Amino acid sequence: LPDSGFDPAEVHYAAVWKPHPGELAAFPNLRVIFNLGAGVDALMADASLPDVPLVRVAVADLTDRMTEYVVLHVLMHHRQELYLRQSQREQRWAPKFQWAANALTVGIMGLGTLGESAGLALRRLGFRVVGWSRSARQIDGVDCFAGAAGFAPFLQRTNILVCLLPLTPDTRHILDRDVFAMLNRDSPLGAPVLINAGRGGLQNEADILSALDDGTLGAASLDVYETEPLPQDSPFWSHPRVVLTPHNAADTDPDEISKYVAQQIVRFEAGGALENLVNRTRGY
Ligand code: NDP
Ligand code: OXD
């Protein structure tokens, strides 16, 4: 920025992804900050973030890709892919009975833009779907639970736990041993499965590993990690029951995001309202 040739005072809109803490404070006349992703946890951690409206991304391109990721990984565990790939490597013809989708309940933590879309797609495939959010939600075909009182009943129904929560002070390390131990084991899967595509800070990684090792969890699909890129010495890399992706569950077409930001600026300049504003008190 010091070398960019722009006068920071002339900049009214910032479109950013993980700027350095303090970087945005250098623009005294910002009107709106656009976060170039759905999760705003990195911006929320910047104590000097200018006090102007903050908008997050909610576009079909991103939502659809996350739905693909969730469907792919739920099916991977439901269709016993880890077992079948291992059988193939060993040239072993040993089919196991394949249950119908409705034998499993998928529990989705976070029923926002991404959680709702994934839940509806899983319903269409025949899974039973339950969901959990901060405030009460109503989604066709999804049994919705909310708040602290709804957490245990939600977990007790869930065979495959999908986490699509934002990272906030309330949700940090929510995915821990106590939660894994409350999941439902009464399904053809036996041990429950964890799928986390929210943020790495939502998970206690030592608890995931010990839960996988003692059978509290049967398997995990992880897209996000406490430290990214994932350190070379992380046990997740080679764990036989971890399906690892490098935080790319929902890469988004840059043109789609640019259009979204441009449309919001045009509407805002014409006196219209901004969409998908972040509530700074809630942190998402
Ligand atoms: P939304 O803001 O639309 O939805 C968030 C959901 O989480 C809401 O249902 C909200 O409840 C719920 N929630 C928030 N805090 C709590 C809490 N304390 N207890 C219970 N429920 C809570 O977000 P999106 O669906 O757009 O995105 C979710 C997250 O996905 C992002 O914040 C980001 O971290 C992650 N993400 C990851 C990507 C990847 O590539 N891995 C890509 C994009 C996003 P309520 O409905 O009551 O508000
Ligand atoms: C996002 C992400 O939050 O890609 O959009 O993680």
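Whatever order the structure lists ligands and atoms in, that order sets their numbers, starting from 1. For clarity, every value in this text was computed on a predicted model and none was experimentally measured. Computation of the quantities below employed the complete heavy-atom set of this structure, encompassing side-chain atoms and omitting hydrogens, waters and symmetry-equivalent molecules.
- Of the options Met66, Arg56, Arg282, the smallest heavy-atom separation from atom 39 (C) of ligand 1 is shown by Met66.
- Remark: minimum distance from atom 9 (O) of ligand 1 to any protein heavy atom is reached at Leu111 N, 2.9 Å.
- The side-chain hydrogen bond (donor to acceptor under 3.5 Å, both in side chains) with Thr105 is formed by just one residue from the set Gln156, Arg157, Arg128; it is Arg128.
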> So Glu23 and Lys18, side chain to side chain contact (heavy atoms under 4.5 Å, CB included) or not? Walk me through it.
Replying inline: CA-CA 10 Å; Glu23 212 169 347; Lys18 294 190 182 169; over 6 Å; no
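- For a threshold of 3.5 Å applied to N or O pairs, the pair formed by Leu164 and ligand 1 contains no separation below that value.
- Below 4.0 Å from some heavy atom of Trp132 lie the following atoms of ligand 1, by number and element: 19 (N), 20 (C).
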>> salt bridge (charged side-chain N to carboxylate O under 4.0 Å, His left out) for Lys259 and Asp255? Distances and angles first, verdict last.
In response: CA-CA 6 Å; Lys259 261 190 275 169; Asp255 288 350; over 6 Å; no
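- Aromatic ring centres of His247 and Tyr225 lie farther apart than the 6.0 Å criterion allows.
- Ligand 1 lies within reach of Gly198, whose nearest heavy atom is under 4.0 Å from it.
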>> Quick one, Phe27 with His12, criterion ring-ring contact (aromatic ring centres under 6.0 Å, His included). Give me CA distance, side-chain angles, the key distance, then yes/no.
In response: CA-CA 8 Å; Phe27 297 91; His12 296 139; over 10 Å; no
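- Ligand 1 is never approached by Leu167 to a heavy-atom distance shorter than 4.0 Å.
- Ligand 1 lies out of reach of Met109, whose nearest heavy atom is not under 4.0 Å from it.
- When only non-hydrogen protein atoms are considered, atom 7 (O) of ligand 1 lies nearest to Pro166 CD, 3.3 Å.
- No N or O atom of Leu62 sits closer than 3.5 Å to an N or O atom of ligand 1.
- Less than 4.0 angstrom separates some heavy atom of His247 from each of these atoms of ligand 1: 39 (C), 40 (O), 41 (N).
- The residues lining ligand 2, counting any heavy atom closer than 4.0 Å, are Trp17, Gly37, Ala38, Gly39, Leu62, Arg199, His247.
- For the residue pair Arg199 and Thr171, no side-chain donor N or O sits within less than 3.5 Å of a side-chain acceptor on the partner.
- Ligand 1 lies nowhere less than 4.0 angstrom from a heavy atom belonging to Ala58.
- Thr168 does not count as a contact of ligand 1, since none of its heavy atoms falls under 4.0 Å from the ligand.
- When only non-hydrogen protein atoms are considered, atom 4 (O) of ligand 1 lies nearest to Gly112 CA, 3.1 Å.
- Evaluation of the side chain to side chain donor-acceptor pair (under 3.5 Å) rule for Gln86 yields Arg89, Glu90 as partners, not counting sequence neighbours.
- In terms of protein heavy-atom proximity, atom 29 (C) of ligand 1 is closest to Leu165 O, 3.7 Å.
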